[in-house]
Number of protein chains: 2
Amino acid sequence: MIDKHSFIPFYLQIEQILSRQIRENALRPGDPLPTEAEMCRQYQVSRMTARKAVDYLVRQGLVERFRGRGTFVARPDTRVKVQLPLDQHLTSSEVASSVRRKVVNRLLHFSQQPATPEVAGALQVPEQAAVHYMLRLRLIDGTPFVYEQSWMNQALFPDLNTQALNQSKYAYLKSKGYGAVGSHKQIFAELPSTEIREALGLARDEPVLHASVIAFFANGVPFELSNVYYNQRHYTFTLDAPPRPLLAL
Amino acid sequence: MIDKHSFIPFYLQIEQILSRQIRENALRPGDPLPTEAEMCRQYQVSRMTARKAVDYLVRQGLVERFRGRGTFVARPDTRVKVQLPLDQHLTSSEVASSVRRKVVNRLLHFSQQPATPEVAGALQVPEQAAVHYMLRLRLIDGTPFVYEQSWMNQALFPDLNTQALNQSKYAYLKSKGYGAVGSHKQIFAELPSTEIREALGLARDEPVLHASVIAFFANGVPFELSNVYYNQRHYTFTLDAPPRPLLAL
DNA sequence: GAGTGGTCTAGACCACCTA
DNA sequence: AGGTGGTCTAGACCACTCC
């Protein structure tokens, strides 16, 4: 029961009760939560308040709501997930061969723009220098997998075109004589914008992994800045650190 | 203006209008959004609906609400962030020396439990075998930085105690004669539970990076399973991939 | 048809901030 | 004191599911 005189809002108190019941297995995966009408009676609150109590549990993925059926404790996701190493700069075709699935690149947008200060700094070009700007979606077996926004130094790739980008960007690089690439990434957890969420086919409130990447050639020259958003639904990301001596303390 | 006969809910239509204004810089960082009362008049909706339109923008971190002041387009976070490599298995003291700040470990819970099937599988021990269970919070200069839930094979560490855990776990390992450790991580973006959110001092709706880690000795024997939750507020995580030849296509 | 969740209203009281 | 966001109510109509 909730405390009507507490400083904790009703909806938070109810949320914590439900959350504890799930955590302590009083409510098990697949079990229905009380209906909204039941919660109104049980806790003596209005329906809007009862709904709000469940909202955050839905956002966390702890419970699922179905219109006309009810609200249920989520079952752990048992779908087999593809595992990909996060610490290598893999090209699409390398991903395809490692997961043995068909990878498709879809170019959503391609244009040329003057470099903003941020882009110019990352690509080590003057501000306002011409850069390629593109949005691409990568699909594995038809499932949207990666949404990528990127800027490339136009001076290095004067003849980059839509055909090359709809195929493999790295095949294009190789054809230009560039043999090796490395990258520097920053990794974030993020709630995606509506645009990215829709492109990746995600539910509202589902966080994504966001990598901000600078890719460079073997000589150290950066050629691309990108923001890469990963759909976590069917893929997990792995990192292996080999045994390493513990330092002196 | 919104379309009252559309199948798109009012709150989503308003959210999209605001989102577009921010994206197209009609509303700039620091600018106030219309107040809730203004939005009610402007779009002819109730206040609950107007609030709901802004909720998701708040969750995304696109806008910030301040009671008594108003709602404003969020300014990009310019605080200097500590950058840590995600691809190494760093001990607390290594982190401390690399960021030149004071790192404190706080033990929140310590007990012994029978291994669940999942824990037993990861640690390669029989089900129900005794394992240490602990919750720890790591703080850098007083700021909660990492929340860690972990299980360790009790057979390997019969004398593990609270004192060792409040100090450095790896100092303890070293004192037991274990010289090198590696790890296998899976990385997720996640909305944290209330417990973790409060321990890390996060706002509601702020996603965290979650690493599920198996740590092992040089001989390959796993000794610890942990779920590590990272506060992104003051730290970013980096990954460097050195230049690597592009494969044949 | 009965029950479920999804949306929406038109008020209300409150805590907090700025003035 | 007046304006802001935070919470809450007691209804309402709807789309959908299940029987």
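Chain A is the first sequence line, chain B the second, and so forth, proteins listed ahead of strands; every chain is numbered from 1.
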Is there a donor-acceptor contact under 3.5 Å from the side chain of B/Asn105 to the main chain of B/Arg138? no

Separation of atom NE2 in B/His5 from atom P in D/dC14, rounded to whole Å: 13 Å

Identify whether any heavy atom of B/Gln44 sits under 4.0 Å from a base atom; if not, whether one sits that close to sugar-phosphate; answer base, sugar-phosphate or nothing. sugar-phosphate

A/Asn227 to A/Trp151 - nearest heavy-atom pair and separation: ND2-CZ3, 3.7 Å

Less than 4.0 angstrom from a charged side-chain N to a carboxylate O is my criterion; do B/Arg51 and B/Glu36 meet it? yes

At a 4.0 Å cut-off to heavy atoms of chain A, the contacted part of DNA chain C spans C/dG3 to C/dT9

cation_pi(A/Arg197, B/Tyr56) dist<6.0 Å, angle<=45: yes

Spacing between B/Ile8 atom CD1 and D/dA15 atom P, to the nearest angstrom: 16 Å

Note: for A/Lys4 and A/Gly68 on DNA chain D, the residue whose nearest nucleotide lies more 5' is A/Lys4

Heavy-atom nearest nucleotide on DNA chain D for B/Met48 versus B/Pro34: which residue maps closer to 5'? B/Pro34

What I want to find out is whether A/Arg59 reaches B/Asp55 closely enough, with some N-O distance under 4.0 Å, to be called a salt bridge. no

Whole-Å gap separating C1' (D/dC14) and CZ (A/Arg47): 11 Å

B/Leu135 side, atom CG; B/Ser111 side, atom OG - distance, nearest 0.5 Å: 8.0 Å

Expressed in angstrom and rounded to an integer, what is the separation of B/Phe66 atom CZ from D/dT4 atom C1'? 13 Å

